[in-house]
Amino acid sequence: ITDNMPNPSIITFLCLNQNEIDNLNGIEKLENIETIHINFNYIDKIPPFFKSLKKLKTFWICDNSLSVLENFPIQLQNLWIANNEIEEIPENFSELINLENLNISGNFISDLKDLYIIGKIKALKRLYLSDINFGENPICQFNNYRKIMIHIFNYVDIIDQVKLTYKEKSIAEKYFI
């Protein structure tokens, strides 16, 4: 990616959508990168060097082939990984303690344990497991899905593009007593 760039250290924003890219090699040279949009490609894994991108705050990697969530930098604030092949959330995903916005819609999440792992990230403000643009996860078909989501994520402002109301929080709280 960076072979023909004279000074990759000056780049803070990178958009490589729809370029038939199948790996992230070269991005490690972008030491000041803050935002990467690499949607609609063929990327199937995040390499270990990705954790070393110390200034990366926003990473959009929708519509790729990711099946494993790994090697994200801890300071990441915005992660859009919709429409990939993700079936489960690894326990260490909760280490993304600065994550405020997560769109993981259009994947294959189907187990409540995955929600509880994400629920450990208390910085979250917006969470999407269902999104009109990307579709939903199988877990979104559970009975009382929204109540479950509000129960686990009562500190979040928006779930699945809908702002949480005080009334919804009260109803969910009573439902789980």
Side-chain angles (χ1 to χ4, degrees), residues 1-111 114-115 117-118 121 123-141 156 158-161:
I1 292 174
T2 56
D3 289 342
N4 297 323
M5 293 181 187
N7 189 0
S9 66
I10 65 169
I11 297 172
T12 60
F13 180 91
L14 183 65
C15 183
L16 294 171
N17 295 338
Q18 298 179 323
N19 278 287
E20 299 183 6
I21 296 168
D22 64 1
N23 67 70
L24 295 170
N25 295 338
I27 288 182
E28 70 274 15
K29 297 175 186 169
L30 305 176
E31 59 195 45
N32 291 310
I33 195 74
E34 296 174 5
T35 301
I36 299 173
H37 290 196
I38 196 157
N39 304 305
F40 303 100
N41 284 292
Y42 304 110
I43 297 165
D44 63 356
K45 64 182 170 183
I46 307 296
F49 72 74
F50 208 74
K51 273 188 147 178
S52 68
L53 298 175
K54 299 295 181 201
K55 295 187 179 181
L56 187 65
K57 302 272 193 254
T58 299
F59 186 42
W60 284 30
I61 187 164
C62 302
D63 289 285
N64 276 275
S65 301
L66 287 179
S67 60
V68 177
L69 298 177
E70 61 186 355
N71 300 321
F72 295 111
I74 195 166
Q75 77 283 354
L76 204 59
Q77 294 175 350
N78 305 292
L79 179 59
W80 282 52
I81 48 179
N83 278 0
N84 276 282
E85 298 170 10
I86 300 160
E87 294 182 15
E88 65 181 357
I89 308 296
E91 191 66 44
N92 66 352
F93 190 76
S94 62
E95 295 172 5
L96 297 176
I97 58 172
N98 298 303
L99 196 61
E100 296 179 7
N101 302 295
L102 174 62
N103 190 328
I104 194 166
S105 59
N107 280 286
F108 302 100
I109 306 297
S110 61
D111 195 323
D114 297 313
L115 299 183
I117 293 169
I118 297 170
I121 306 171
L124 269 180
K125 295 179 182 171
R126 289 171 208 87
L127 174 62
Y128 308 91
L129 274 88
S130 176
D131 181 312
I132 193 168
N133 298 304
F134 298 109
E136 61 184 25
N137 286 277
I139 201 164
C140 299
Q141 295 299 315
V156 172
I158 295 173
I159 294 176
D160 298 340
Q161 299 180 305

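Quick caveat: nothing in here was measured; it's all calculated off a predicted structure.
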Sidechain-backbone polar pair: N64 side chain, L66 backbone, donor-acceptor under 3.5 Å: no
E87 side chain vs S67 backbone, donor-acceptor pair below 3.5 Å: no
Nearest non-hydrogen partners of P138 and S110, listed with the distance: CB-CB, 3.9 Å
Backbone N/O of I104 and side chain of N137: donor-acceptor pair under 3.5 Å: yes
Heavy-atom pair with the smallest gap, counting every atom of L56 and Q75: O-NE2, 3.1 Å
Minimum-distance pair of heavy atoms, taken over all atoms of K55 and N32: NZ-OD1, 2.7 Å
side-chain contact (heavy atoms from CB on, under 4.5 Å) against N83, all qualifying residues, sequence neighbours excluded: D63, F134
For S65 against N84, the heavy-atom pair lying closest together: N-OD1, 3.2 Å
Side chain to side chain, I158 and Y128, heavy atoms closer than 4.5 Å: yes
Under-4.0 Å salt bridge between K57 and E34: no
Rounded distance (nearest 0.5 Å) linking atom CG of L53 with atom CD1 of I27: 7.5 Å
4.5 Å side-chain heavy-atom contact, D114 and I139: no
Over all atoms of both residues, closest heavy-atom pair of G135 and S105: O-CB, 3.3 Å
Side chain to side chain, T35 and T12, heavy atoms closer than 4.5 Å: no
Spacing of CG belonging to N133 relative to CD belonging to Q161, to within rounding of 0.5 Å: 6.5 Å
Contacts table for residues 36-52: side-chain donor-acceptor under 3.5 angstrom, sequence neighbours left out:
residue: N39; atom: OD1; partner: I61; partner atom: N; Å: 3.4
residue: N39; atom: OD1; partner: C62; partner atom: N; Å: 2.6
residue: N39; atom: ND2; partner: N17; partner atom: OD1; Å: 3.3
residue: N41; atom: OD1; partner: N19; partner atom: N; Å: 2.9
residue: N41; atom: OD1; partner: E20; partner atom: N; Å: 2.9
residue: N41; atom: OD1; partner: I21; partner atom: N; Å: 2.9
residue: N41; atom: ND2; partner: L16; partner atom: O; Å: 2.9
residue: N41; atom: ND2; partner: I38; partner atom: O; Å: 3.2
residue: N41; atom: ND2; partner: N39; partner atom: O; Å: 3.0
residue: S52; atom: OG; partner: F49; partner atom: O; Å: 2.5

Distance-minimising heavy-atom pair for I109 and E88: CD1-N, 3.9 Å
Rounded distance [0.5 Å steps], CG in N98 versus CD in Q77: 6.5 Å
Min side-chain heavy-atom separation I121-L102 under 4.5 Å: no
CD1-CG distance between I74 and L96, expressed to the nearest 0.5 angstrom: 7.0 Å
E136 CD to L129 CG distance, which is reported to the nearest 0.5 Å: 9.5 Å
Pairwise distance CD(E100) to CG(L76) - rounded to 0.5 angstrom: 10.5 Å
Any donor-acceptor N/O pair, E28 side chain to G26 backbone, under 3.5 Å: yes
